[in-house]
Amino acid sequence: MEAADGPEFVQDGPTSVEREACDEVRRLAAGMSHHESAEALEAAEEAAGDLAEADVRTRATVAEWERITDVLSAHGGPYAPEVDPYVQGQLAGRKNRRDATS
């Protein structure tokens, strides 16, 4: 299986389906160790089957599990979205876009 670099977001950012999938994975991953997230990634990959044929939500789910597993391989502690720099950058970007359109 080819490694996913992350969800294949459209130029304007992730779709609502991709955001929901990633947010769900982050909620599930909160407090997990690297070992636990690796098991969750493996289960998501098995459930997805051929990622080339999978729907957007499934691809985003697998990619987010992979990203979190990678983060934890270098982190050593349990996963927490509030200290994940990638997640915090996304949240800041969403807020900035909302503020710009208000």
Next on the checklist: Taking P81's backbone N and O only, do any of them form a donor-acceptor pair with R26's side chain (distance below 3.5 Å, no angle check)?
Outcome noted: no
Item to check | R57 vs E24 side-chain heavy atoms within contact, under 4.5 Å | outcome: yes
Checklist entry - Do S102 and D99 have a side chain donor and acceptor closer than 3.5 Å? => result no
Next on the checklist: Nearest 0.5 Å, please: how far is CG in L41 from CD1 in I68?
Outcome noted: 10.0 Å
Next on the checklist: For a quick test of reading the model, state the closest non-hydrogen atom pair linking T69 to H34 and the distance between them.
Outcome noted: O-CD2, 3.1 Å
Item to check | From CZ (R94) to CZ (R98), nearest 0.5 Å | outcome: 8.0 Å
Checklist entry - What is the minimum heavy-atom distance between Q88 and E82, and which atoms define it? => result NE2-CA, 3.4 Å
Next on the checklist: Side chains of E36 and Y79, heavy atoms from C-beta outward: is any pair under 4.5 Å?
Outcome noted: no
Checklist outcome for this item: Closest heavy-atom pair, S37 versus W65, reported as atoms and distance to 0.1 Å, is O-CE3, 4.1 Å
Next on the checklist: So does R97 get a backbone contact from the side chain of T101, meaning a donor-acceptor N/O pair under 3.5 Å?
Outcome noted: yes
Item to check | Minimal non-hydrogen separation, P78 against G31, with atom names | outcome: CB-O, 3.5 Å
Checklist entry - Do you reckon L28 sits in the same ILVMFWY cluster as L72, going by side-chain contacts under 4.5 Å, direct or chained? => result yes
Next on the checklist: Do K95 and Q90 have side chains that approach each other closer than 4.5 Å (heavy atoms only, starting at C-beta)?
Outcome noted: no
Next on the checklist: Looking only at the side chains, is there a donor atom on one of T15 and E18 sitting less than 3.5 Å from an acceptor on the other?
Outcome noted: yes
Checklist entry - Looking only at heavy atoms, which two atoms of A40 and M32 are closest? And how far apart? => result CB-CE, 4.4 Å
Checklist entry - Run the salt bridge (Lys or Arg N to Asp or Glu O under 4.0 Å) check on R67 and E64 step by step: do they pass? => result CA-CA 5 Å; R67 190 191 68 76; E64 189 63 0; 2.9 Å; yes
Item to check | Closest contact, heavy atoms only, A48 versus V62 | outcome: CB-CG2, 3.9 Å
Item to check | Joint hydrophobic cluster, L91 plus V25, side-chain heavy atoms closer than 4.5 Å | outcome: yes
Item to check | Criterion side chain to side chain donor-acceptor pair (under 3.5 Å) on T58 and D55, from CA distance to verdict | outcome: CA-CA 5 Å; T58 300; D55 62 26; 2.7 Å; yes
